Amino acid sequence: MASDQGRKALVVRGGWEGHSPVEATELFIPFLEKNGFEVRRADSPAPYADPSYMSGVDLIVQCYTMGTIAPEELKGLEAAIRAGTGMAGWHGGIADSYRNSSDYLHLIGGQFACHPGKHPDEREGTQADNFVPYTVNLLPEAAGHPITEGLADFDLVTEQYWVLTDDYIDVLATTTQRVRPWDPWHREVTSPALWTRQWGEGRIFVTTPGHSLDVLQHETVRTIIERGMLWASR
């Protein structure tokens, strides 16, 4: 993808510290700058409420797990995307943000529900209790998409997101929750692991892998996020 000079990116990071929002976003800021973005960092969604500023933002990169968003902030975010600002993010930083707002869920198109973990006897009370081996499966229709072109299925050992979604998303990759002897569900459940969404003139990009820095530095995950940010940008 060719780089364009003079674009503006807003990186909104914060919320639950377990996703290392500062360190995680700093992994990608040099890439944005290399591709001609002037980057502003914010530790809350407050900039969303400034319409004069948001009208000049080409890309929002959000890593803000849980937390809350004020009505005027959400209104500004939605208006900016509708007018052509792109939005990109990974894991809980975009798919588990602002649980107080059903309108935010509607905007993004998918919401974290759970991440089924290890056998109860193997759990030690740490985040690693939720790390399981799983595969991200690229869909055939994603073969020519700018985000996933040339990539193949890949395996991870980390949180496997079970997400609740609507059908107004374009799914590029999925992951399937198996049925294990201790699970209460009775058939496999396939969730989107990578999707895009058109909202007005804007593009939204979401990928669910990205719990920790090592996952974000996985070659395929990092490639998907870098491509996804460029694809989403105005």
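Bear in mind that the values here come from a model prediction, so they are computed numbers and not experimental data. Scope of the values below: all heavy atoms of this structure, side chains included, with no hydrogens, waters or symmetry mates.
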I'd like to know if [Y] and [X] are part of one continuous hydrophobic network [Ile/Leu/Val/Met/Phe/Trp/Tyr, side-chain heavy atoms within less than 4.5 Å].
X: Val171; Y: Val206; answer: yes
X: Phe31; Y: Leu27; answer: yes
X: Ile60; Y: Tyr53; answer: yes
X: Phe131; Y: Val221; answer: no
X: Ile204; Y: Ile69; answer: yes

Taking the side chain as everything from C-beta on, heavy atoms only, tell me whether [X] gets closer than 4.5 Å to [Y].
X: Trp90; Y: Phe28; result: yes
X: Ile169; Y: Pro192; result: yes
X: Ser52; Y: Asp50; result: yes
X: Leu59; Y: Leu32; result: yes
X: Val11; Y: Gln62; result: no
X: Tyr48; Y: Glu72; result: no
X: Lys34; Y: Ile29; result: no
X: Trp182; Y: Pro120; result: yes

For residues [X] and [Y], report the shortest heavy-atom separation together with the two atoms involved.
X: Phe37; Y: Ala9; answer: CD2-CB, 3.7 Å
X: Leu10; Y: Ala42; answer: CD1-CB, 4.1 Å
X: Phe205; Y: Leu194; answer: CE1-CD1, 3.2 Å
X: Leu216; Y: Ala24; answer: CD1-CB, 3.5 Å
X: Ser97; Y: Gln111; answer: O-OE1, 4.4 Å
X: Ala173; Y: Val136; answer: CB-CG1, 3.8 Å

Check: [X]/[Y] side-chain N/O donor and acceptor closer than 3.5 Å:
X: Thr190; Y: Thr174; answer: no
X: Glu188; Y: Thr176; answer: no
X: Ser101; Y: Asp103; answer: no

**OP:** Report the C-alpha distance between Val12 and Val61 in whole Å, list the side-chain angles of each, state the deciding distance to 0.1 Å, and finish with yes or no for side chain to side chain contact (heavy atoms under 4.5 Å, CB included).
**Re:** CA-CA 6 Å; Val12 174; Val61 178; over 6 Å; no
Subject >> Pairwise salt bridge (charged side-chain N to carboxylate O under 4.0 Å, His left out) hits with a residue in residues 136-163, at least two apart >> reply: none
Judged by atom type as modelled, is there a donor-acceptor pair below 3.5 Å linking the side chain of [X] to the main-chain atoms of [Y]?
X: Thr165; Y: Gly109; answer: no
X: Gln217; Y: Leu213; answer: yes
X: Thr223; Y: Glu219; answer: yes

Does a sphere of radius 6.0 Å around [atom1] in [X] hold more than 12 heavy atoms from other residues, nucleotides or ligands, not counting ones at 6.0 Å or beyond?
X: His119; atom1: NE2; value: yes
X: Asp43; atom1: CG; value: no
X: Lys118; atom1: NZ; value: yes

Measure the [atom1]-[atom2] distance between [X] and [Y] for me, rounded to the nearest 0.5 Å.
X: His115; Y: Asp129; atom1: NE2; atom2: CG; answer: 10.5 Å
X: Thr207; Y: Ile147; atom1: OG1; atom2: CD1; answer: 9.0 Å
X: Thr135; Y: Leu156; atom1: OG1; atom2: CG; answer: 8.5 Å
X: Leu230; Y: Arg203; atom1: CG; atom2: CZ; answer: 11.0 Å
X: Thr85; Y: Met54; atom1: OG1; atom2: CE; answer: 5.5 Å
X: Trp195; Y: Ile108; atom1: CH2; atom2: CD1; answer: 8.5 Å

Original post:
With a 6.0 Å cut-off on ring centres, are Tyr98 and Tyr64 close enough?
Top reply: yes
Subject >> Counterpart residues, salt bridge (charged side-chain N to carboxylate O under 4.0 Å, His left out), relative to Arg197 (two or more places apart) >> reply: Asp166
**OP:** Let me see the working for Leu172 and Leu139 under side chain to side chain contact (heavy atoms under 4.5 Å, CB included), right down to the final yes or no.
**Re:** CA-CA 6 Å; Leu172 300 179; Leu139 300 186; over 6 Å; no
Subject >> Pairs meeting criterion ring pair (Phe, Tyr, Trp, His ring centres under 6.0 Å) with involvement of residues 137-176, two or more places apart >> reply: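 Qualifying pairs, neighbours excluded: His91-Tyr161, Phe112-Tyr161, His145-Trp231, Phe154-His218, Trp162-Trp185.
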Original post:
What residues form a side chain to side chain contact (heavy atoms under 4.5 Å, CB included) with Glu201, not counting sequence neighbours?
Top reply: none
Original post:
Is the Lys NZ or Arg CZ of Arg178 less than 6.0 Å from the centre of Tyr134's six-membered ring, within 45° of the axis?
Top reply: no
Subject >> side chain to side chain contact (heavy atoms under 4.5 Å, CB included) assessment of Gln177 paired with Gln160 >> reply: CA-CA 8 Å; Gln177 300 280 352; Gln160 183 184 20; 3.2 Å; yes
Subject >> Worked verdict on Leu151 versus Arg227 for side chain to side chain contact (heavy atoms under 4.5 Å, CB included) >> reply: CA-CA 12 Å; Leu151 302 180; Arg227 292 180 179 181; 3.9 Å; yes
Subject >> SB check Asp58 Arg234 (cutoff 4.0 Å) >> reply: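 Counted as a salt bridge, because a side-chain N and a carboxylate O are separated by less than 4.0 Å.
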Subject >> Contacts of Glu78 that satisfy side-chain hydrogen bond (donor to acceptor under 3.5 Å, both in side chains) - sequence neighbours left out >> reply: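 In terms of side-chain hydrogen bond (donor to acceptor under 3.5 Å, both in side chains), with neighbours along the sequence ignored, Glu78 is linked to Arg82, Trp199.
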Original post:
Taking ILVMFWY side chains as joined if any heavy atoms are under 4.5 angstrom apart, and letting links pass through other members, which residues group with Trp16?
Top reply: Met66
